[in-house]
Enquirer: 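Have a look at the structure that comes next, please.
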Amino acid sequence: MRDLKLTNTLSHRKELFVPINEGRVGMYVCGPTVYGDAHLGHARPGVTYDVLSKLLRHLGYKVRYVRNITDVGHLEHDADEGADKIARKARLEQLEPMEVVQTYTLRYHEAMRQLNVAPPSIEPRASGHIIEQIEAVKKILDAGYAYISNGSVYFDVQKYNADHQYGILSGRNLDETLEGTRNLDGQSDKRAPYDFALWKKAEPEHIMRWPSPWSDGFPGWHLECSVMGEKYLGNEFDIHGGGMDLMFPHHECEIAQNVASRGTRGVHYWVHNNMITINGQKMGKSLGNFITLPQLFSGDHPKLDQAYSPMTVRFFILQAHYRGTLDFSNDALKAAEKGLAKLMAAARDLYAMCGAKEPAYAYGEISEAVAPDECKATSAEVKAAWESVYDSLCDDLNTPGAVSALFEAVRIINSAKAGSVKLSAEDLEALRQLFDDIVFGVLGLVDEQNAGGASMGVIDGLMSMVLESRAAAKAAKDWAASDHIRDTLAALGIKVKDTKDGVEWSL
RNA sequence: GGUGCUUGGGCCGGGAGGUUAGGCACUGGUCUGCAAAACCAGUUAGAGCGGUUCAAUUCCGCUAGGCACCUCCA
């Protein structure tokens with residue numbers, strides 16, 4: 001099996017990935033809070049960890065991928081005051097909170113499906129694990145790292161910090177945290193500003209509430225991930241992913257809760273994806289500068305020149321490294337759109353050269369088979385591109401490096417088509433496998449032009465009829481008629497290309 | 001204020017102490033009735049100052065911008 005390196009936030013270094021159980025990987029990723037449409041920012045972890053899980057599977061690991069749905073509203077501002085986000089949305093839309101949850105869960109799923117993000121192995125909901133969360137609070141209380149205050153339970157950060165280190169993930173110490181934390185006007189039930197809620201007593205108007213030994217209330221936000229991670233992946237598991245903005249306090253609190261309730265930090269590799277920016281500024285719900293995925297796919301937003309297909313968005317994300325920020329702009333999206341079209345055109349030519357109609361794994365799960373450790377005997381250039389793709393992906397999920405190498409493969413394919421290079425059967429087979437396994441498998445790209453299904457059959461038939469007429473006009477040197485057909489088709493969004501091997505068209 | 005990251009061609013963006021990143025855009029050539037696509041060739045870089053080194057865009061320091069986190073956020 002090939003070595004895989006991942007940047008572990010705990011050490012701030014690239015580390016060799018070694019799973020706890022040989023051949024198996026447990027991975028947990030923080031999912032969305034479902035009170036609004038997913039935006040471009042949500043697409044990033046969706047795609048990033050989708051690619052990571054697919055790469056792990058391709059390398060031969062059996063992967064259990066858990067991504068939660070947060071459907072218990074956490075509080076909008078400080079943990080002590082403010083409105084529950086889901087409940088607030090419910091009031092605004094005059095719905096039950098769970099109707100809000102259902103609506104946006106379904107819309108999130110749909111957006112992820114369009115991006116060809118495979119569903120996780122398990123998608124647990126916070127509301128379905130209240131009992132487990134209450135048990136965890138009890139354990140933390142028993143361990144002495146929490147206190148009860150006016151019906152709520154808070155984590156005693158100072159006590160914890162005396163015995164363990166609070167802040168190991170985000171690299172800060174408690175004194176600094178104290179300095180940086182705003183004071184709470186003395187209204188708080190908390191002993192210290194950096195303490196966080198494990199259980200919160202519900203105010204009378206609070207709708208989402210459950211009984212507990214301490215009060216009718218709801219669990220603290222950080223607790224659900226600790227509890228569900230343990231339940232489905234065990235006391236310790238391999239990978240925990242999420243957005244960089246969750247590193248502190250969310251993931252820091254998770255670690256503290258894990259140590260306090262079960263005596264282990266729980267996670268071996270912390271992986272954090274960076275943010276998507278717009279004009280250099282983070283795109284976020286709280287900043288109100290986000291573009292939702294449905295808007296992006298339809299083009300319905302003042303900042304958008306046009307609609308961008310889900311695959312364009314996916315490719316756009318893959319062209320940057322997950323740990324760097326990625327700046328949104330129409331120009332960047334358009335560039336991605338064209339680059340993707342070039343890649344897909346080469347894929348079609350490749351499959352045609354191989355006599356295959358379409359990629360083997362385009363629309364399903366990638367194969368569970370172990371990736372070949374070495375490329376079969378092929379010409380130097382094909383082999384170099386192949387190696388470069390695998391080296392990049394295994395080097396901290398360097399998707400832009402892999403994409404770059406794939407365009408080397410594109411150049412080879414195009415040269416072969418143009419007749420300036422002759423590819424051996426082994427070369428063709430190696431390239432086809434590279435596209436099957438990596439382009440359509442691990443990177444999860446879909447050739448949207450080929451994905452039309454049954455309706456494409458009809459269009460194929462119509463197109464060949466129309467192009468026959470044009471060929472007849474051309475044969476008669478009736479350029480006006482020939483160009484009229486081409487221009488009319490172009491106006492419909494269909495491009496016609498005359499090649500030396502005949503006429504090609506694409507949408 | 002604290003902590004961390006970052007600064008690259010017209011745009012988006014990887015890697016590497018010395019050898020082409022890649023995509024988009026642009027220019028010239030080949031092909032074509034014309035166009036498009038493709039192929040071949042090419043143009044535009046590495047914030048400023050100093051240091052280490054045979055060699056730095058890559059390592060170190062300083063200065064100046066920028067960003068993120070420190071409050072819910074992917």
Side-chain angles (χ1 to χ4, degrees), chain A residues 12 29-33 35 38-46 48-49 73-79 82-83 85 167 170-173 175-182 184 193-194 221 241-250 272-277 280-287 290 315-316 319-321 323-343 345-346 349 388 391-392 395 398-408 410-411 413-415 417-421 474 477 479 482-483 486-487 490 495-500 504 506:
Chain A
H12 279 273
V29 173
C30 292
T33 303
Y35 68 103
H39 58 78
L40 189 49
H42 291 98
R44 190 142 204 216
T48 298
Y49 301 110
H74 4 291
L75 299 171
E76 192 139 64
H77 296 295
D78 185 80
K85 285 192 285 207
S170 52
R172 63 189 79 213
N173 63 51
D175 294 337
E176 288 161 3
T177 305
L178 183 58
E179 280 175 24
T181 308
R182 285 166 206 176
L184 296 172
Y194 40 69
W221 170 45
M244 228 151 219
D245 48 350
L246 297 180
M247 199 166 81
F248 188 92
H250 184 55
H272 288 100
N273 62 277
N274 216 318
M275 305 291 106
I276 287 183
T277 59
Q281 273 221 318
K282 179 177 154 180
M283 185 179 289
K285 278 185 182 164
S286 51
L287 294 170
F290 61 92
F315 188 68
F316 172 67
Q319 273 193 305
H321 192 272
R323 281 189 298 106
T325 54
L326 171 58
D327 201 40
F328 163 87
S329 69
N330 280 288
D331 286 347
L333 263 297
K334 281 176 197 163
E337 185 176 60
K338 291 197 174 175
L340 177 64
K342 185 175 173 175
L343 184 64
D349 289 337
S388 180
D391 286 349
S392 295
D395 181 15
N398 186 351
T399 53
V403 168
S404 161
L406 284 169
F407 276 102
E408 281 301 302
V410 167
R411 192 181 51 75
I413 292 164
N414 287 335
S415 298
K417 196 191 171 201
S420 57
V421 182
K474 282 181 68 175
K477 294 205 192 295
W479 308 128
S482 150
D483 288 351
R486 187 173 63 191
D487 295 344
K495 257 193 251 175
V496 176
K497 292 183 276 188
D498 293 323
T499 72
K500 65 182 166 63
E504 290 181 4
S506 59

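So that the names make sense, note that chain A is the first sequence line, chain B the second, and so on, each numbered from 1.
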Enquirer: If only atom types and distance count, is the side chain of S415(A) paired as donor or acceptor with the main-chain N or O of S420(A) below 3.5 Å?
Expert: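 Looks like no, no N/O pair under 3.5 Å.
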Enquirer: Whole angstroms only, please: what is the CG-C1' distance between N398(A) and A16(B)?
Expert: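 It works out to 12 Å between those atoms.
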Enquirer: Ignoring the backbone of P400(A), work out which of C39(B), C12(B), G13(B) is nearest its side chain.
Expert: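 It is G13(B).
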Enquirer: If the condition is side-chain contact (heavy atoms from CB on, under 4.5 Å), which residues does A320(A) pass it with, not counting sequence neighbours?
Expert: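 A320(A) satisfies side-chain contact (heavy atoms from CB on, under 4.5 Å) with R44(A), L326(A) once adjacent residues are dropped.
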Enquirer: Work out which heavy atom in G41(A) is nearest to a heavy atom in M283(A); give both atom names and the distance.
Expert: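 The answer is N-SD, 4.3 Å.
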Enquirer: Can you list the residues that meet the salt bridge (charged side-chain N to carboxylate O under 4.0 Å, His left out) rule with R323(A), with sequence neighbours excluded?
Expert: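 Only D396(A) meet the salt bridge (charged side-chain N to carboxylate O under 4.0 Å, His left out) criterion with R323(A).
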Enquirer: With syn defined as a glycosidic torsion within 90 degrees of 0 and anti otherwise, which applies to G51(B)?
Expert: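 Anti conformation here, the glycosidic angle of G51(B) being more than 90° from 0.
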Enquirer: What is the distance, to the nearest angstrom, from the CG atom on L340(A) to the P atom on G22(B)?
Expert: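 After rounding, the reported distance stands at 19 Å.
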Enquirer: Output a table of nitrogen or oxygen pairs between the protein and nucleotides 58-61 of chain B separated by less than 3.5 Å.
Expert:
none

Enquirer: If we take the C1' atom in both U43(B) and G48(B), what is their distance in whole Å?
Expert: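 That atom pair is separated by 26 Å.
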Enquirer: Going 5' to 3' along nucleotides 64-69 of chain B, which nucleotides have protein heavy atoms under 4.0 Å from the base (write B), which only from the sugar-phosphate (write S), and which from neither (write -)?
Expert: ---SSB
Enquirer: Relative to the 5' end of RNA chain B, which residue comes earlier, H250(A) or R411(A), by the nucleotide with the nearest heavy atom?
Expert: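 It is R411(A), whose closest nucleotide lies nearer the 5' terminus.
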Enquirer: In whole angstrom, give the distance that lies between atom NZ of K495(A) and atom P of A36(B).
Expert: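 It is 11 Å, rounded to the nearest whole Å.
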Enquirer: Please report the distance separating the P of A37(B) from the corresponding atom of G29(B), rounded so that it comes out in whole Å.
Expert: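 It works out to 16 Å between them.
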Enquirer: Would you mind reading off the distance between H321(A) atom NE2 and U6(B) atom P, rounded to a whole angstrom?
Expert: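 It works out to 12 Å between those atoms.
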Enquirer: Please measure how far the C1' atom in A55(B) lies from the corresponding atom in A41(B), and state the result in whole Å.
Expert: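 The same atom, C1', in both gives a distance of 30 Å.
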Enquirer: Rounded to whole Å, how long is the line connecting atom CG of D391(A) with atom P of A16(B)?
Expert: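 Result: 12 Å.
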Enquirer: Hey, is the main chain of G242(A) close enough, under 3.5 Å, to the side chain of Y49(A) for a donor-acceptor pair?
Expert: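 Pair found, side chain donor or acceptor close to backbone of G242(A).
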Enquirer: Kindly compute the distance separating CG (D327(A)) from CE (M275(A)), expressed to the nearest 0.5 Å.
Expert: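 One finds 14.0 Å between CG of D327(A) and CE of M275(A).
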Enquirer: Quote, to the nearest angstrom, the P distance that separates G8(B) from G65(B).
Expert: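 Approximately 16 Å lies between the P atom of G8(B) and that of G65(B).
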Enquirer: From C39(B), C12(B), A74(B), pick the nucleotide closest to the side chain of D327(A)?
Expert: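 Closest nucleotide to the D327(A) side chain: C12(B).
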Enquirer: List the atom of H42(A), the atom of P32(A), and the distance in Å for their closest heavy-atom pair.
Expert: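 Of all heavy-atom pairs spanning H42(A) and P32(A), the closest is CD2-CB, 4.2 Å.
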Enquirer: If we take the C1' atom in both C26(B) and A74(B), what is their distance in whole Å?
Expert: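 Approximately 37 Å lies between the C1' atom of C26(B) and that of A74(B).
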Enquirer: Looking only at heavy atoms, what is the nearest atom pair of K285(A) and T33(A), with distance?
Expert: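 That closest heavy-atom pairing would be NZ-O, 3.9 Å.
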Enquirer: Treating S404(A) as the side-chain partner and P400(A) as the backbone partner, does any N or O pair qualify as donor plus acceptor under 3.5 Å?
Expert: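 No, the answer is negative, given that no donor and acceptor are paired below the 3.5 Å cut-off.
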Enquirer: Let me have RNA chain B in dot-bracket notation, would you? Count Watson-Crick plus G-U wobble pairs, both distances under 3.5 Å, and use [ ] for pairs crossing earlier ones and | for inter-strand partners.
Expert: (((((((..(((.....[...))).(((((.......)))))....(((((..]....))))))))))))....
Enquirer: Which heavy atom in G339(A) sits nearest to a heavy atom in F315(A), and how many Å separate them?
Expert: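 That would be C-CE2, 4.0 Å.
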Enquirer: Test of understanding: with side-chain contact (heavy atoms from CB on, under 4.5 Å), list the residues that count as partners of K342(A), not counting sequence neighbours.
Expert: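 Partners of K342(A) under the side-chain contact (heavy atoms from CB on, under 4.5 Å) test: F407(A), V410(A).
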Enquirer: H250(A): what forms a ring-ring contact (aromatic ring centres under 6.0 Å, His included) with it, not counting sequence neighbours?
Expert: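 Testing H250(A) for ring-ring contact (aromatic ring centres under 6.0 Å, His included), a comparison that skips the adjacent residues, returns W221(A), H222(A).
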Enquirer: Using whole Å, what does the distance between atom P of nucleotide C11(B) and atom CZ of F328(A) come to?
Expert: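 Interatomic distance, CZ of F328(A) to P of C11(B): 17 Å.
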Enquirer: Taking NZ, NE, NH1 and NH2 as the nitrogens, is one of them in E408(A) or R411(A) under 4.0 Å from a carboxylate oxygen of the other?
Expert: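 Looking at E408(A) and R411(A), the cut-off is met.
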Enquirer: Sticking with atom P, work out how far G13(B) lies from U7(B), rounded to a whole angstrom.
Expert: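 Comparing P positions in G13(B) and U7(B) gives a spacing of 11 Å.
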Enquirer: Say we look at C69(B) and C60(B): how far apart would their P atoms be, to the nearest angstrom?
Expert: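 Each nucleotide's P atom is 25 Å from the other's.
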Enquirer: Quick one: side-chain contact (heavy atoms from CB on, under 4.5 Å) partners of K474(A), sequence neighbours excluded?
Expert: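 Checked K474(A) against side-chain contact (heavy atoms from CB on, under 4.5 Å); matches are R470(A), W479(A), S482(A), D498(A).
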Enquirer: Residues two or more places apart in sequence or in another chain: which of them pass ring-ring contact (aromatic ring centres under 6.0 Å, His included) with F290(A)?
Expert: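 So F290(A) forms a ring-ring contact (aromatic ring centres under 6.0 Å, His included) with H39(A).
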Enquirer: When you compare the protein's N or O atoms with those of nucleotides 32-35 of chain B, which come within less than 3.5 Å of each other, and at what distance?
Expert:
{"residue": "G33(B)", "atom": "O6", "partner": "S482(A)", "partner atom": "OG", "Å": "3.4"}
{"residue": "G33(B)", "atom": "N1", "partner": "D483(A)", "partner atom": "OD1", "Å": "3.2"}
{"residue": "G33(B)", "atom": "N2", "partner": "D483(A)", "partner atom": "OD2", "Å": "3.0"}
{"residue": "C34(B)", "atom": "O2", "partner": "R486(A)", "partner atom": "NH2", "Å": "2.9"}
{"residue": "C34(B)", "atom": "N3", "partner": "R486(A)", "partner atom": "NH1", "Å": "3.0"}
{"residue": "C34(B)", "atom": "N3", "partner": "R486(A)", "partner atom": "NH2", "Å": "3.4"}
{"residue": "C34(B)", "atom": "N4", "partner": "D498(A)", "partner atom": "OD2", "Å": "3.1"}
{"residue": "A35(B)", "atom": "N6", "partner": "D498(A)", "partner atom": "N", "Å": "3.4"}
{"residue": "A35(B)", "atom": "N6", "partner": "D498(A)", "partner atom": "O", "Å": "3.2"}
{"residue": "A35(B)", "atom": "N1", "partner": "D498(A)", "partner atom": "N", "Å": "3.4"}
{"residue": "A35(B)", "atom": "N3", "partner": "R486(A)", "partner atom": "NH1", "Å": "2.9"}

Enquirer: Can you tell me how far P of C72(B) sits from CE of M283(A), to the nearest Å?
Expert: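 After rounding, the reported distance stands at 22 Å.
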Enquirer: Just call it for H39(A): base, sugar-phosphate, or nothing, with non-hydrogen atoms closer than 4.0 Å on any strand.
Expert: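 Base, at least one base atom sits under 4.0 Å.
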Enquirer: Sequence neighbours excluded, which residues qualify as side-chain contact (heavy atoms from CB on, under 4.5 Å) partners of A332(A)?
Expert: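 If we apply the side-chain contact (heavy atoms from CB on, under 4.5 Å) test to A332(A), skipping adjacent residues, the hits are F316(A), S329(A).
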Enquirer: Reckon N273(A) has a side-chain N or O less than 4.0 Å from the OP1 or OP2 of A74(B)?
Expert: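 So the side chain of N273(A) is outside the cut-off, no N or O lying under 4.0 Å from OP1 or OP2 of A74(B).
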Enquirer: Taking N or O atoms only and anything under 3.5 Å, show me the protein contacts with nucleotides 24-29 of chain B, one pair per line.
Expert:
{"residue": "A25(B)", "atom": "OP1", "partner": "K338(A)", "partner atom": "NZ", "Å": "2.9"}

Enquirer: Answer with base, sugar-phosphate or nothing: what part of the nucleic acid does I276(A) contact at a heavy-atom distance below 4.0 Å?
Expert: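 Base, at least one base heavy atom under 4.0 Å.
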Enquirer: Which value, in whole Å, describes the distance between the C1' atoms of nucleotides A45(B) and G9(B)?
Expert: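 One C1' to the other, the span is 4 Å.
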Enquirer: Here's a test of your reading of the structure: between N414(A) and R44(A), which maps to the more 5' nucleotide of RNA chain B?
Expert: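 Its nearest nucleotide being more 5', the pick is N414(A).
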Enquirer: Closest approach of N414(A) and A346(A), non-hydrogen atoms and distance?
Expert: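 So the two residues come closest at OD1-CB, 4.3 Å.
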Enquirer: Search all heavy atoms of S392(A) against all heavy atoms of G401(A) and return the closest pair with its distance.
Expert: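 For S392(A) and G401(A), the tightest heavy-atom pair comes out as OG-C, 3.5 Å.
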